[in-house]
Asker: 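Supplied in structure tokens, the structure appears directly below.
Just follow the structure's listing: the first ligand is 1, and inside any ligand the first atom is 1.
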Amino acid sequence: MKNSTFNIQHSTFAAELHAELAALDERGLRRRRHILESPQGAHVVVDGREVVAFCSNDYLGLAADPRLAAAAREGAERYGVGAGASHLILGHATAHHALEAALARFVNLPRALLFSTGYMANLGIVTALAARGDAVFADKLNHASLNDAVLLSRADFKRYPHRDLAALEKLLAASKVRRRLVVTDAVFSMDGDIAPVPDLLRLCERYDAWLVLDDAHGFGVLGATGGGVLQHFGVASGRIVYMATLGKAAGVFGAFVAGENDLIEILVQRARPYIYTTAMPPLLANALLASLEIIAAESWRRERLTRLIHQLKQGMAGLRWRLMPSDTAIQPLRIGANDEALRVSAALAARGVLVPAIRPPTVPRGSARLRISLSAAHSEQDVAQLVGALRVVEKES
Ligand SMILES: *Cc1c(COP(=O)(O)O)cnc(C)c1O
């Protein structure tokens, strides 16, 4: 940590840490946790109060679905609680195996591999596929886990401005390395906009690169049956390394990577965050099998989400604070200054509406925002309450 501004001479370790925390407070960057006392959902109990929340990634409202809880209980009865070992030793249960097959079918790719978290999946993909002497080309607004993955791989790290295809093409054209990976969020987690996947794929074909897509926020939500960004654009290619998480729209926990058979087999052999960790509890895989069926069958959840997005955009027209351009469930309201974003978030909370203020380093300096995330669990009244509260808070500030 070299970026703190404290200047205590001859400080002890404890005094340095204390000063570093004080500096975070001073810059409005200290993060605090709330205590969630109810299941995840549109209406939650937080720190003893009932509020309407626009904070979760539970886009389809499945995190607290009783059918998923029942499948988890059934899984616990059949398998117990812990996997007890890594996948490659003896932790790979029937439910994991069935889930991998179901996930591959779901995204229409030859094979899928489960990871314990999306963070680990990204570390696994990039470190298994790129090393010193290779190059990774990355959108500047990519998720932190993708950035950490590139650093850990020791490949050359080339970042291009957000969704700037011309800048990416220049970098690719100038590259002479053995192996090239283009990595991008499919739906950007703090902006809600969608990567130009067909154009990225064309560039990857022209410059012989592979395309790693992190569809954490698209899986289950985009596409007619929730197949994600590939279904949304109707694209397919042997160059695609597809990754999605299972703790967001799918409502449970975990992540998977899907693609060609040899790609997946290389990950089994080489991805250290796959090899050197305990398999997810099989009861979660059982819950996820139930979740996949609901995601495909209940398209009303995606339709409702689309209606709520539309309602929010219409309701916010004419406000001083502007929604950023997004057609997904992530609808960020740009504020700018850290302290103002915190103040607006606190004023909404005082009115029983919870929206998180997102500040640097999660987003670029000067672009603090309220990250409104909508869910099929919300009702039109919930969105109307949010819009009404924002209008009042704007007038008061
Ligand atoms: C949430 C998220 C991850 C991490 O997934 P986890 O399963 O929560 O570890 C990775 N990439 C993106 C874009 C995310 O939003």
Side-chain angles (χ1 to χ4, degrees), residues 31 33 36 40 54-60 62-63 96 99-100 103 107 112-127 136 138-153 159 162-163 181-195 197 200 211-222 228-230 232 240-258 267 271-274 277-281 284-285 287-288 291 324 326 328-332 356 358 361-364 369 371-375:
R31 292 150 182 252
R33 300 174 301 174
L36 179 63
Q40 190 58 265
F54 295 89
C55 308
S56 82
N57 302 309
D58 180 25
Y59 303 121
L60 297 179
L62 294 176
H96 295 127
L99 177 59
E100 287 181 342
L103 286 165
V107 297
L113 184 70
L114 273 176
F115 279 76
S116 291
T117 72
Y119 194 110
M120 292 164 71
N122 281 340
L123 294 189
I125 292 167
V126 181
T127 58
V136 182
D139 190 292
K140 277 213 170 138
L141 296 190
N142 276 354
H143 190 263
S145 59
L146 283 173
N147 294 336
D148 292 355
V150 184
L151 294 177
L152 190 59
S153 76
R159 300 174 84 196
H162 184 44
R163 299 174 78 224
L181 251 59
V182 174
V183 304
T184 183
D185 283 23
V187 174
F188 287 86
S189 56
M190 295 300 140
D191 294 66
D193 55 348
I194 302 177
V197 173
L200 289 169
L211 182 59
V212 178
L213 295 172
D214 176 341
D215 203 20
H217 301 277
F219 179 76
V221 182
L222 296 180
V229 75
L230 299 180
H232 172 79
I240 290 176
V241 181
Y242 179 84
M243 173 275 189
T245 64
L246 300 169
K248 289 168 180 160
V252 186
F253 187 75
F256 70 99
V257 182
L267 293 181
R272 295 167 64 90
Y274 180 77
T277 203
T278 303
M280 73 158 65
L284 297 183
L288 281 160
S291 174
M324 293 169 60
S326 158
T328 67
I330 304 166
Q331 290 287 321
I358 307 289
T362 307
V363 294
R369 65 199 66 172
R371 182 181 183 271
I372 300 168
S373 67
L374 297 170
S375 163

Asker: So, the side chain of S291 versus the backbone of A250: is there a donor-acceptor pair under 3.5 Å, distance only?
Answerer: yes
Asker: Looking at CG of L246 and CG of L62, how far apart are the two atoms once the value is rounded to the nearest 0.5 Å?
Answerer: 12.0 Å
Asker: Would you kindly say whether R371 and T362 are connected by a side-chain donor-acceptor distance under 3.5 Å?
Answerer: no
Asker: Are any of the side-chain heavy atoms of V187 and V229 separated by less than 4.5 Å?
Answerer: no
Asker: Assess the side chains of H162 and D191: does a donor N or O sit below 3.5 Å from an acceptor N or O?
Answerer: no
Asker: For a distance cut-off of 3.5 Å, show me each N or O of ligand 1 paired with any protein N or O, plus the separation.
Answerer:
from, atom 1, to, atom 2, distance (Å)
ligand 1, 7 (O), G118, N, 2.7
ligand 1, 9 (O), G118, N, 3.1
ligand 1, 9 (O), Y119, N, 3.0
ligand 1, 11 (N), H143, ND1, 3.4
ligand 1, 11 (N), D214, OD1, 3.4
ligand 1, 11 (N), D214, OD2, 2.5
ligand 1, 15 (O), H217, NE2, 2.5
ligand 1, 15 (O), K248, NZ, 2.6

Asker: Kindly assign one of parallel, tilted or perpendicular to the pair Y242 and F256, based on the angle between their ring planes and the thresholds 30° and 60°.
Answerer: tilted
